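Values below: every heavy atom of this structure, side chains too, minus hydrogens, waters and symmetry copies. Quantities reported herein were computed from a predicted structural model and do not represent experimental measurements. Throughout, a chain's letter reflects where its sequence line sits, starting with A, and its residues are numbered from 1.
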Amino acid sequence: MPTTPRDVFYATTPIFYVNADPHIGHAYTTILVDVAARYHRLAGDDTYFLTGTDEHGEKIQKAADAAGTTPQAYVDRVSETFKSTWDKMGISYDAFIRTTESRHQQVVQDILQRVYDQGDIIYGEYGGLYCVKCERYYTEKELEGGLCPQHEIEPEYRSEANYFFRMEKYRPWLKDAIESQPDLIRPEGYRNEVLAMLREPIGDLSISRPRARVPWGIPLPWDSDHVTYVWFDALLNYYSELESKGLVDRYWRHAQHFIAKDIVKPHGVFWPTMLKAAGLPLFKHLNVHGYWLSDERKMSKSLGNVIRPLDLHDRYGNDAFRYYLMRDMTFGLDASFHELGLAERINADLANDLGNLLNRTLGMLGKYRGGVVPAFGPLDADTQALSDRFTALPDEVLDLVEELQFDRALDRVMEGVREANRYVSEKKPWELAKDDAKADELDTVLRACLEALRVASILLEPVMPEKMQALRTQLGVTSDVTLEDARRFDGLQGGSQAQPGEPLFPRVDLDALKESLAGDTEAPAEALEHKDTVTIDDFAKLEFRVAEVVAAEDHPKADRLLVLTLQVGPETRTVVSGIKPHYTADTMVGKKVIVVANLAPAKLRGIESQGMILAAEDADGKLSLAGLDVDLPSGSEVR
RNA sequence: GGCGAUGUAGCUCAGCUGGUUAGAGCGCACGACUCAUAAUCGUGAGGUCCGCGGUUCAAGUCCGCGCAUCGCUACCA
């Protein structure tokens with residue numbers, strides 16, 4: 001039963017920042033929206049699917065410099081990589097927006113001007129009190145007697161040339177809006193997270209950067225010495241796309257943003273307040289999904305465990321890959337990605353249940369009826385039950401899709417497929433075929449299987465567009481289908497000819513795969529990112545010394561910090577260190593460590609730290625203290 | 001430290017507003033069948049539903065406390 005009118009669907013992926021090539025995270029979100037869009041199109045909805053690339057900012061400028069090219073040439077290249085990746089993957093986006101397009105820039109400037117004119121963008125005399133020696137700003141609270149706590153000098157007043165969006169002003173409104181619309185942000189866990197953010201001041205949002213430093217951006221319309229900083233540029237793509245094409249009235253109020261959980265704050269806090277300030281209505285839903293984890297760890301470049309979507313396409317096929325992604329992630333939660341899981345899913349669901357149902361059905365049809373689709377004979381109870389089950393599926397599936405429960409939607413269809421396999425074993429068509437008196441019964445069974453396959457193929461098509469079309473081609477159906485075609489159990493043309501072909505989903509040899517996975521060595525790590533080169537003179541400014549930990553205790557006001565008392569030769573000093581997750585206070589006492597001895601002191605949650613100790617950290621955040629090979633007295637210099 | 005999420009069979013997970021002997025898929029064991037991609041179908045083994053208290057006639061499902069994992073957050077020199 002349809003619960004909501006499924007009329008208009010405007011869905012967006014984030015626009016991806018073009019400082020790296022697409023990976024599984026980008027691909028998942030994009031496939032997800034593609035699947036959702038295809039379901040809505042199938043249902044006959046007015047559907048618009050937007051993706052694109054985010055192309056401004058300092059990082060891009062640097063990357064272009066490093067590549068010896070211009071920012072524009074650089075973003076052209078990487079944006080094209082994204083686009084062609086999606087094209088190869090058959091992503092059915094309706095529009096691909098780039099923030100460097102003039103139509104986008106125009107809208108950004110218009111909205112900035114509007115918000116500025118109404119007084120919600122202010123020139124940030126931010127920070128105010130600045131200690132020259134610390135090179136940082138202090139708040140009144142942090143100062144001790146009006147002096148810098150580190151250097152005990154009077155800070156001077158400085159203002160940084162930034163513009164700020166008065167976001168804090170809209171906090172109460174946003175809180176109300178989210179509370180009164182339970183499904184604005186979903187699933188609920190992320191809604192709670194945003195509400196938690198809104199319980200405390202969110203401050204104002206810096207929205208500009210000096211053009212002198214970052215020329216690669218959209219100039220503020222009223223002050224061309226500044227360019228727009230990320231949010232007022234990137235987020236606005238969702239709107240500028242429609243505005244620049246005159247589609248706002250048609251789509252905007254139906255907007256659904258799909259994002260991964262790492263960008264909840266910009267989309268859940270910044271974006272709605274921006275819209276409010278611009279006098280625009282809120283989007284309809286912010287849909288937040290989790291991460292694909294590999295070996296319990298978040299995939300990251302430095303770990304070298306990035307899964308390249310196109311690799312897996314080549315190996316398993318686009319459709320099977322999409323099916324796995326949709327079937328094995330519960331929306332909103334993290335999921336684990338395992339190639340073996342993918343292979344098992346292919347074998348169990350696609351090859352054994354679905355592919356084989358097609359194969360056995362067409363096999364029998366060919367053998368017993370020359371491949372001609374028979375008319376139904378009289379419907380017995382079993383066949384009627386199968387028919388009822390399948391004709392009920394479209395609404396069940398679309399309701400689940402509406403709730404973003406893609407995994408369950410797919411399982412519903414597969415339950416039907418399994419039921420059809422059961423039906424075959426119960427009806428034993430191979431026995432019916434031996435008795436001419438049962439020709440009608442055999443016709444019914446064969447036709448029912450064909451219809452089940454046809455309906456399943458329609459309902460699975462948004463996830464597996466190519467294979468499901470191929471499936472219907474084998475059934476002899478070549479015309480386009482709609483959801484209405486899935487609501488009937490007599491959609492095939494009696495007397496038409498089936499066109500059996502190759503198995504849709506070849507089984508994966510699991511034993512061979514297990515072997516090859518076992519033999520796999522670690523994937524090669526990505527290149528390291530290096531900092532700027534320093535001279536030996538730069539290095540000589542640093543003073544490292546051996547120190548002995550003579551006492552250690554937990555920082556009273558922080559979780560991760562230990563307060564260490566170090567003996568450095570004749571000196572005793574206190575160092576606050578963020579190693580608590582890996583070293584407890586008592587295990588630290590007596591250890592010899594390396595300390596940076598001439599680092600400016602700093603207060604860490606109330607305790608002054610006079611230096612820092614060195615430790616190695618791996619990509620998982622695991623720490624190991626730097627130490628000595630041979631025991632040397634504390635105070636010894638390290639070079 | 002604060003906030004939040006998660007914790008159900010070997011594995012991946014369903015279990016909505018509390019109600020009969022707790023479910024699915026995969027894997028495993030045994031059996032059936034032979035139309036089919038060594039597929040399918042049936043049967044079975046396997047769970048103190050993280051722990052402890054509480055509310056209730058009745059709790060995996062509500063409440064409290066605790067534990068574990070993860071995330072966000074508190075300027076991890």
Side-chain angles (χ1 to χ4, degrees), chain A residues 134 136-139 142 150 187-197 199-200 261-262 264-265 290-291 293 296-298 327-330 332-336 338 340-341 344-368 403 405 407-408 410-411 414-415 418 420-433 442 445-446 449 500 502-508 510 554-562 575-582 595-596 599-605 608-615 617 621 623:
Chain A
C134 297
R136 59 159 284 193
Y137 290 91
Y138 280 96
T139 63
E142 291 173 310
Q150 307 299 333
E188 199 181 357
Y190 297 103
R191 172 178 185 257
N192 292 336
E193 211 162 276
V194 173
L195 284 171
M197 294 173 195
R199 276 199 285 273
E200 290 179 10
K261 65 184 186 180
D262 57 334
V264 165
K265 189 170 185 176
Y291 291 141
L293 306 176
E296 305 305 313
R297 294 182 297 189
K298 184 183 169 185
R327 177 63 186 81
D328 273 32
M329 176 178 271
T330 301
L333 303 180
D334 291 349
S336 13
H338 290 126
L340 194 58
E344 284 173 347
R345 191 55 92 182
I346 290 173
N347 280 1
D349 290 6
L350 301 181
N352 295 353
D353 288 346
L354 179 61
N356 188 235
L357 177 63
L358 175 70
N359 208 40
R360 69 196 304 206
T361 301
L362 292 186
M364 290 186 283
L365 186 70
K367 200 172 293 186
Y368 307 140
E403 296 163 18
Q405 301 194 286
D407 53 339
R408 300 190 60 190
L410 294 180
D411 195 44
M414 293 312 303
E415 277 176 13
R418 287 191 288 271
N421 274 316
R422 254 190 303 278
Y423 171 83
V424 173
S425 344
E426 279 164 18
K427 291 298 181 189
K428 299 184 174 37
W430 49 93
E431 288 185 2
L432 298 175
L442 179 58
V445 172
L446 292 175
C449 290
E502 291 299 300
L504 288 179
F505 300 100
R507 282 176 60 82
V508 178
L510 290 183
D554 293 349
H555 192 299
K557 290 199 286 186
D559 270 4
R560 310 173 60 89
L561 303 183
L562 285 182
V575 166
V576 180
S577 185
I579 57 176
K580 193 163 157 192
H582 296 90
V595 63
V596 183
L599 191 66
K603 264 201 178 175
L604 295 179
R605 292 201 69 77
E608 182 170 273
S609 180
Q610 302 154 326
M612 75 185 271
I613 62 174
L614 300 185
E617 180 176 16
L623 295 180

Rounded to whole angstrom units, what separation is found between the CG atom of A/L365 and the C1' atom of B/rA36?
13 Å
Who passes side-chain hydrogen bond (donor to acceptor under 3.5 Å, both in side chains) against A/Y423, sequence neighbours left out?
A/T383
With both distances kept under 3.5 Å, what pairs with B/rG31, Watson-Crick or G-U wobble?
B/rC41
Can you name the atoms? Protein N/O to nucleotides 63-71 of chain B N/O, anything below 3.5 Å, with the distance.
none

May I ask which nucleotide in the shown strands pairs with B/rG60, Watson-Crick or G-U wobble, both distances under 3.5 Å?
none
Any A/V445 side-chain heavy atom under 4.5 Å of A/M364 side chain
no
Starting at the 5' end of RNA chain B, which residue's closest nucleotide do you reach first, A/A351 or A/M197?
A/A351
What pairs with A/D407 under salt bridge (Lys or Arg N to Asp or Glu O under 4.0 Å), at least two apart in sequence or on another chain?
none
What residues, two or more places apart in sequence or in another chain, satisfy side-chain hydrogen bond (donor to acceptor under 3.5 Å, both in side chains) together with A/R507?
A/N352
Mind checking the C1' distance from B/rC49 to B/rG23? Whole angstroms is fine.
11 Å
The criterion is side-chain hydrogen bond (donor to acceptor under 3.5 Å, both in side chains); which residues satisfy it with A/D328, sequence neighbours excluded?
A/R345
Output one line per pair: protein atom, nucleotide atom from nucleotides 40-44 of chain B, and distance, for all N/O pairs under 3.5 Å.
residue: B/rU40; atom: O2'; partner: A/R360; partner atom: NH1; Å: 3.1
residue: B/rC41; atom: O4'; partner: A/S425; partner atom: OG; Å: 3.0

Applying side-chain contact (heavy atoms from CB on, under 4.5 Å), can you list everything that pairs with A/L333, at least two apart in sequence or on another chain?
A/T330
Across all strands, who's sitting opposite B/rG47 as a Watson-Crick or G-U wobble pair, both distances under 3.5 Å?
none
Looking at B/rC72, which nucleotide sits across from it as a Watson-Crick or G-U wobble partner, both distances under 3.5 angstrom, or is there none?
B/rG2
In the strands shown, is B/rC26 matched to any nucleotide by a Watson-Crick or G-U wobble pair with both distances under 3.5 Å, and which?
B/rG10
Salt bridge (Lys or Arg N to Asp or Glu O under 4.0 Å) involving A/E415 - partner list, sequence neighbours excluded
A/R389, A/R412
Applying side-chain hydrogen bond (donor to acceptor under 3.5 Å, both in side chains), name anything that partners A/N359, two or more places apart in sequence or on another chain.
none
How close or far is atom P of B/rC76 from atom CG of A/L562, stated in whole angstroms?
14 Å
Strictly by Watson-Crick or wobble contacts shorter than 3.5 Å, is anything paired with B/rC16, and which nucleotide is it?
none
